[in-house]
There are 2 protein chains.
Amino acid sequence: MRFPEHPIELAAVPRRTRGRPRKSADERDDGNRRQDVLRAAAQLFRQHGFAATRTRDIATAAGMQSGSPFYHFENKQALLGAVILEGMQRAVTRQKAAMDQASEAAGNSPPDPRQQLRVLIRTHFDVLLGPDSEFIPVMLYEWRSLTAMQRAAVNDLRRSYEGMWVAPLQALVAAGAVSGDPALARLMIFGALNWSVQWFDPGQRATLDDLTDTALRLFLKDCA
Amino acid sequence: MRFPEHPIELAAVPRRTRGRPRKSADERDDGNRRQDVLRAAAQLFRQHGFAATRTRDIATAAGMQSGSPFYHFENKQALLGAVILEGMQRAVTRQKAAMDQASEAAGNSPPDPRQQLRVLIRTHFDVLLGPDSEFIPVMLYEWRSLTAMQRAAVNDLRRSYEGMWVAPLQALVAAGAVSGDPALARLMIFGALNWSVQWFDPGQRATLDDLTDTALRLFLKDCA
DNA sequence: CCTACCGATCGGTAGG
DNA sequence: CCTACCGATCGGTAGG
């Protein structure tokens, strides 16, 4: 049994407006709170997995109350989709920027395929393991938790991302610098890179440049 | 409100013993039901992940009632540990057997490191993707869901498994057939192989022998 | 975006 | 190993 909050002299108490006090226009965050929820979700999904993460914990990590994430996202499932979609968008954007920059550095001519592969791999590691890199690992771990429709939406981006690797790899296979069935080899290269989310520890000796070197030396025949 | 099962003539009805009728000795399964639970758990953990799997579904898949898995395992967490431990034990056993067999085939002399690597990779794919291969993928996906103590128990086996790769790989690096930092290269090779649990489809063209060939051609310099 | 809450699910158990 | 059940958790919502 609760006691009523104002048992007497209701009128004497300063009237409090119902609900939250409205923030003034310049105090508003213009929807940035949505980004906070998204980032918090990505971090927790990455640490504990989708199913093991409580939406309450996402709320707390974003500095809000337990029900509030559902103001920004329909449900937990949609939150997962948004995290993974955001991750793929960032990956594609950054990879395209890196490739453009490499082209410029090579005097606006297409860089040689070895250099292209180096840039692709280095950027890939950065997306996977660099700062703010919780989004793509969530995709790698939680792909199976997406609905069929969410998968389809992400697949477009994924195909576009993977497409950037095809030309350089085929050139390297044609030049004898990479051996094996190109499609299978590409899957294995992705595996070698993606697996690093399981073991890479930024506190250890190896840097992302070290990883890139190791990968290139492992995959490329330099005797051809 | 339930009706009593025998409202009248209780004595006329053949006495039913309480609980389950005891099975005769030759009808008993000698604890094989535990294996059924373990296999069912492995399959469901592999498909949906640990946190998303209901113990009720494990029970159903093993052909028992919802509470019965807890007769065989203390709790869900212990079930995960048992699945992963069983997986690692199988992997070590099979890999050792394969290496022994390869030694015999080479006339009880140590096979050359290329051949050793081929055997290791081929067996690895078999453990990962062959028949009854749900146990190790659970470990790859759900390592983070283990308790610290469970991890320690599995780590002994894991070290022993990974140890089998060290000598041949170092020999290959020494011979110039594999390039790069040996420890990092090993991690990347494992990644390339382990990632196959994400994309390999036994219904497709590629066989485990194809994967093995591709991997060897990708990692080994044959020009040295 | 908070308050206050609901309804279903799910791991787990007592007793036989 | 089943029956019958509990207690806690957790995604989600109505209303402001």
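Just so we're on the same page: letters track the sequence lines, and every chain starts at 1.
Atom CD of B:Gln65 is separated from atom P of D:dC5 by 15 Å (rounded to the nearest Å). If you take CG of B:Asn75 and P of C:dG12, they are 5 Å apart, rounded to a whole angstrom. Rounded to whole Å, the distance from CD1 on B:Ile58 to P on C:dG12 is 10 Å. The distance between atom CE of A:Met64 and atom P of C:dC2, rounded to the nearest whole Å, is 6 Å. The nearest whole Å value for the distance from the CZ atom in A:Phe70 to the C1' atom in D:dG12 is 5 Å. Atom OH of B:Tyr71 is separated from atom P of C:dT13 by 15 Å (rounded to the nearest Å).
A salt bridge is absent between B:Lys96 and B:Asp100: the closest approach of a Lys/Arg side-chain nitrogen to an acidic carboxylate oxygen does not fall below 4.0 angstrom.
No donor-acceptor distance shorter than 3.5 angstrom exists from the side chain of B:Glu134 to the backbone of B:Arg39, with no hydrogens or angles considered. Judged purely by atom type and a 3.5 angstrom limit, B:Ser160 has no side-chain atom pairing as donor or acceptor with the backbone of B:Asp156. Panel note: side chain A:Thr123, backbone A:Ala98; no donor-acceptor pair is recorded below 3.5 Å. Between the side chain of B:Arg144 and the backbone N or O of A:Arg46 there is at least one donor-acceptor pair closer than 3.5 Å. Although no hydrogens or angles enter the test, the distance criterion places a donor-acceptor pair under 3.5 Å between the side chain of A:Gln150 and the main chain of A:Gln77.
Proximity of A:Leu38 to A:Phe135: side-chain heavy atoms (C-beta onward) are separated by under 4.5 Å at one or more points.
Partners of B:Ser133 by side-chain hydrogen bond (donor to acceptor under 3.5 Å, both in side chains), not counting sequence neighbours: none found.
Between A:Phe50 and A:Phe45, the ring planes are perpendicular. Angles over 60° get that label, and only those under 30° would be called parallel.
For the pair A:Ser68 and B:Ser66, nearest-nucleotide mapping onto DNA chain C gives the more 5' position to A:Ser68. Nucleotides of DNA chain D nearest to B:Gly67 and A:Lys76 differ in position, and the one nearer the 5' end is that of B:Gly67.
Against DNA chain D, the stretch residues 45-57 of chain A makes heavy-atom approaches under 4.0 Å through A:Thr53, A:Arg54, A:Thr55, A:Arg56.
Consecutive pairing runs in DNA chain D reach the stem threshold at C:1-16 with D:1-16, where a stem means at least three Watson-Crick or G-U wobble pairs with distances under 3.5 Å.
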